[in-house]
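Taking it in order: structure first as C-alpha cells, then the write-up.
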Amino acid sequence: MAASAAHDSAVRRIVIENCAIATVDANDTEYASGHIVVAGNRIESIGAGRAPENLDHVVRRIDGTGHLVTPGLVNTHHHFYQWITRGLATDHNLFNWLVALYPTWARIDEQMAYTAAQGSLAMMARGGVTTAMDHHYVYPRGSGDLSGAIIRAASEMGVRFTLARGSMDRSEKDGGLPPDFAVETTEGALIATEETVKKHHDHSFDAMTQIAVAPCSPFSISTELLRQGAELGRRLGVRMHTHGSETVEEEQFCKELFGMGPTDYFESTGFLGEDVWMAHSVHMNDSDIAAFARTKTGVAHCPSSNARLAAGIARVPDMLAAGVPVGLGVDGTASNESGELHTELRNALLINRLNPVHRERALNARQALRLGTYGGAQVLGRADSIGSLEVGKCADLVMWNLSTLAHSSIADPVIALVFGAAAPVTLSLVNGKQIVENNRLLFADEDAIAVSTREEAQRLARITAQA
C-alpha cells in the first residue's frame, strides 16, 4: 500500500513510524509496525516498516513505538450548548427531560453558546475527535450571533466542523414541547438557515467548516418547516439532519399527530435520502430500516445518551447488514455528561451486545472503530476526504498511547483501544496541523475553559431562576 501522492517537493512533511496502524480503508488494512508520511494537509504515503530516509523538507519525525495510529474520530451528533446544563434532570425520560430543560436552554446567549462550545469541543478534541458536529436549534430572540459564536470556537480549536443549523417553530401552544418564547417563525428559521449556509459553508474537498439544514425534531417543528427545510438543503447543495425514532413516546406522538410513524412521516416530507442523516433511530422496525437502506439515509448512533434517557437499544447490526450508513455521536452533554466520543466506541460495542437477538455477534472491535471513523465520514458526506488513512486523503489522524498500564497486556492494539480504558492521545493532526500533544490541547487553555464554563453555567442558572 506504500505509495506517493503528487505534491510539491517543498511541502513540509511529518513522518510517523514504528507504530501500529489501522487504516479503516475498504479492506481494513492494518500494519503491526508501519509508517505514515504527511505532506502539507494530505496523507502522502502509508505502509509497512520505516518511512524512506531521503524525504525532503521533513520538519518532524515521530517515533510511534507503543502507539496505534487511526483515522481521527468523527462525531455525528451533538448539542454543544448543553455543556453548561450538565447534571440536571438525571432521572427523566426524553420528553420529561426536554420539558424540564427547555425553559433553561431558551435563555442562552452568544457568550454562553461560545463558552459551552469551547467546553464541548475541548473534551472531544483531547480525546481524539478531529471532525466535530453540532446540532444547534435554540435561537432565543435577541441572543446574538449564536451560529457565528459556535463556528468561531471550532475554528480556534482547530477541528474540522459541521454546524447543523437547527430550528424549532412548534411550541407548547401548537402542541409541541418547547416554550413559546423559545421558537422561531417558520419563515424566520428558513431565512436564517439559508443565510448561515451562504455565509459559512465551504464545499471544497478539505473544507474546515460546513453547514447542514437541521430542523430539530417532529415534536418541535411543523411539517412545513421540515418539508421546506429539505427543499432548502437540496437547493443549496448541503446535507440535512434531524432527530428521529428516538423513543416510543416520539413514535406515539407521530402516529397521533400525523397518522404514521416517524420514518414514513420523514419520507412524506422529503426528509430521507443520501443527503440526510438522522440522530438516534432507536425504534426502527424492519420496514424503517429497509427505507433507510433504500434511500441511503444515515444514522448517528448515540449509545450513552440512549442509555441515559432510557430510550432503548438501536438495531445497529441490522442497519449495517442492510447497508445503512452509521456513525457515532456524543449527543448533548445534558444527556451524556462525559462529552467524549472515544468512550462511545466501547459503549456502542457493549450496549449492542445486550440486544437479545445478536448478543456477542452484534459488533466487534473493528466494526466499532469503523463506526467512529469512516462511518461518521459517510454520514457527514465526507468519506472521500476523511474517515480512513489513505493516500490523498486529508491528514486527520490520531496516535493513541497503548504502552500505559491500562493497555500493556492486550496484544491486539485495536482491541486494546476499543475494549480497554480510554487511551491517552499523544498526537492528533487535523488537516495536517497538530492540535493535541501528550493529551493536552495546543490551541486552548483547558483550565481557563473549565473556569469560564462553570461561570456561564452559574449565570444561566441565575437568569433562569429569576425568570
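Position 1 is the first residue of the sequence; numbering continues from there. In this text the structure is predicted, and so the values were computed from the model without any measurement.
Sorted by first and then second residue, the salt bridge (charged side-chain N to carboxylate O under 4.0 Å, His left out) pairs involving residues 270-282 (not counting sequence neighbours) are Arg234-Asp275.
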Would Lys296 and Trp277 satisfy side-chain contact (heavy atoms from CB on, under 4.5 Å), going step by step from the backbone distance to the final call?
CA-CA 9 Å; Lys296 298 300 181 185; Trp277 84 103; over 6 Å; no
Between Gln111 and Thr115, does the side-chain hydrogen bond (donor to acceptor under 3.5 Å, both in side chains) criterion hold? Intermediate values first, please.
CA-CA 6 Å; Gln111 183 59 41; Thr115 302; 3.0 Å; yes
Where do Lys255 and Glu251 land on the salt bridge (charged side-chain N to carboxylate O under 4.0 Å, His left out) test, with the steps shown first?
CA-CA 6 Å; Lys255 287 181 177 178; Glu251 184 174 10; 3.5 Å; yes
Yes or no on side-chain hydrogen bond (donor to acceptor under 3.5 Å, both in side chains) for His200 and Ser147, after CA distance, side-chain angles and deciding distance?
CA-CA 10 Å; His200 296 289; Ser147 293; over 6 Å; no
Apply the test salt bridge (charged side-chain N to carboxylate O under 4.0 Å, His left out) to residues Arg141 and Glu184: give CA-CA distance (whole Å), side-chain angles for both, the deciding distance (0.1 Å), then the verdict.
CA-CA 8 Å; Arg141 286 183 290 276; Glu184 300 173 278; over 6 Å; no
Would you please test Asp169 and Ser222 for side-chain hydrogen bond (donor to acceptor under 3.5 Å, both in side chains) and show each step?
CA-CA 6 Å; Asp169 68 344; Ser222 66; 2.7 Å; yes
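For the side chain to side chain donor-acceptor pair (under 3.5 Å) test with Arg160, the passing option among Asp206, Asn431, Thr130 is Asn431; the others fail.
Side-chain contact between Met157 and Leu441: present, with at least one pair of heavy atoms (C-beta onward) separated by less than 4.5 Å. Considering only heavy atoms from C-beta on, Gln210 comes within 4.5 Å of Arg382 through its side chain. Side-chain contact between Ser245 and Thr263: present, with at least one pair of heavy atoms (C-beta onward) separated by less than 4.5 Å. Residues Ser281 and Phe292 are in side-chain contact: their nearest non-hydrogen atoms beyond the backbone lie under 4.5 Å apart. Contact annotation: the side chain of Val159 never approaches that of Val129 to less than 4.5 Å [non-hydrogen atoms, C-beta and beyond]. Two residues are said to be in side-chain contact when any heavy atoms from C-beta on lie closer than 4.5 Å; Arg107 and Pro103 meet this criterion. The shortest distance between side-chain heavy atoms of Ile62 and Leu427 falls below 4.5 Å. Residues His243 and Met278 form no side-chain contact, since every pair of their non-hydrogen atoms from C-beta on lies 4.5 Å or further apart.
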Side-chain donor-acceptor pairs of residues 223-230 under 3.5 Å, sequence neighbours excluded:
residue	atom	partner	partner atom	Å
Thr223	OG1	Tyr265	OH	2.7
Glu224	OE1	Arg227	NH1	3.3
Glu224	OE2	Gln228	NE2	2.8

What pairs of donor and acceptor atoms, side-chain ones from residues 322-329 against any protein atom, are under 3.5 angstrom apart with sequence neighbours left out?
none

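In this structure, CG in Leu88 is found 8.0 Å from CD in Glu337, a value given to the nearest 0.5 Å. Rounding to the nearest 0.5 Å places OG of Ser388 at 11.5 Å from CG of Leu397.
In this view, Lys198 and Glu194 satisfy the salt bridge (charged side-chain N to carboxylate O under 4.0 Å, His left out) rule, not counting sequence neighbours. Applying the salt bridge (charged side-chain N to carboxylate O under 4.0 Å, His left out) test to Glu172 and every residue at least two apart in sequence or in another chain returns nothing. Under the ring-ring contact (aromatic ring centres under 6.0 Å, His included) criterion, Trp105 pairs with Tyr81, Trp97, Tyr102, sequence neighbours left out.
Both tests hold for Arg152 against Tyr114: distance to the six-membered ring centre under 6.0 Å, angle to the ring axis within 45°.
A salt bridge links Arg60 with Glu437; the closest basic N to acidic carboxylate O contact falls under 4.0 Å. At a threshold of 4.0 Å, the pair Asp109-Arg459 counts as salt-bridged, since one of the basic side-chain nitrogens sits closer than that to a carboxylate oxygen. The residues Arg462 and Glu456 are annotated as not salt-bridged, no charged nitrogen and carboxylate oxygen being separated by less than 4.0 angstrom. Contact check on Glu195 versus Lys199 returns no salt bridge, with no Lys/Arg side-chain nitrogen under 4.0 Å from an Asp/Glu carboxylate oxygen.
Taking both residues in full, the closest heavy atoms of Gly298 and Val379 are given as CA-CG2, 4.4 Å, listed atom of the first, atom of the second, then distance. A pairwise comparison of heavy atoms in Leu363 and Ala348 identifies CD1-O, 3.7 Å as the closest pair. Between Pro424 and Thr404, the shortest heavy-atom contact is CG-CG2, 4.2 Å. When all heavy atoms of Ser120 and Trp83 are compared, the closest pair comes out as OG-CB, 3.6 Å.
Residues Asp318 and His358 have side chains that bring a donor and an acceptor to within less than 3.5 angstrom of each other. Side-chain contact of Thr426 with Asn438: a donor-acceptor pair under 3.5 Å is absent, judged by distance alone. Side-chain atoms of His201 and Thr209 include no donor-acceptor pair closer than 3.5 Å. For Ser220 and Ser217, the side-chain atoms include at least one donor-acceptor pair closer than 3.5 Å.
Side-chain N or O atoms of Ser335 include one that pairs as donor or acceptor with a backbone N or O of Gly332 at under 3.5 Å.
The distance between the ring centers of Tyr139 and His136 falls below 6.0 angstrom. Here the two rings, on His301 and His280, have centers that are 6.0 Å apart or farther.
Relative ring orientation between His79 and His77 is described as perpendicular, the plane-to-plane angle rising above 60° on a 0-90° scale split at 30° and 60°.
Residue-environment remark: CD (Glu446) exceeds the threshold of 12 foreign heavy atoms within 6.0 Å.
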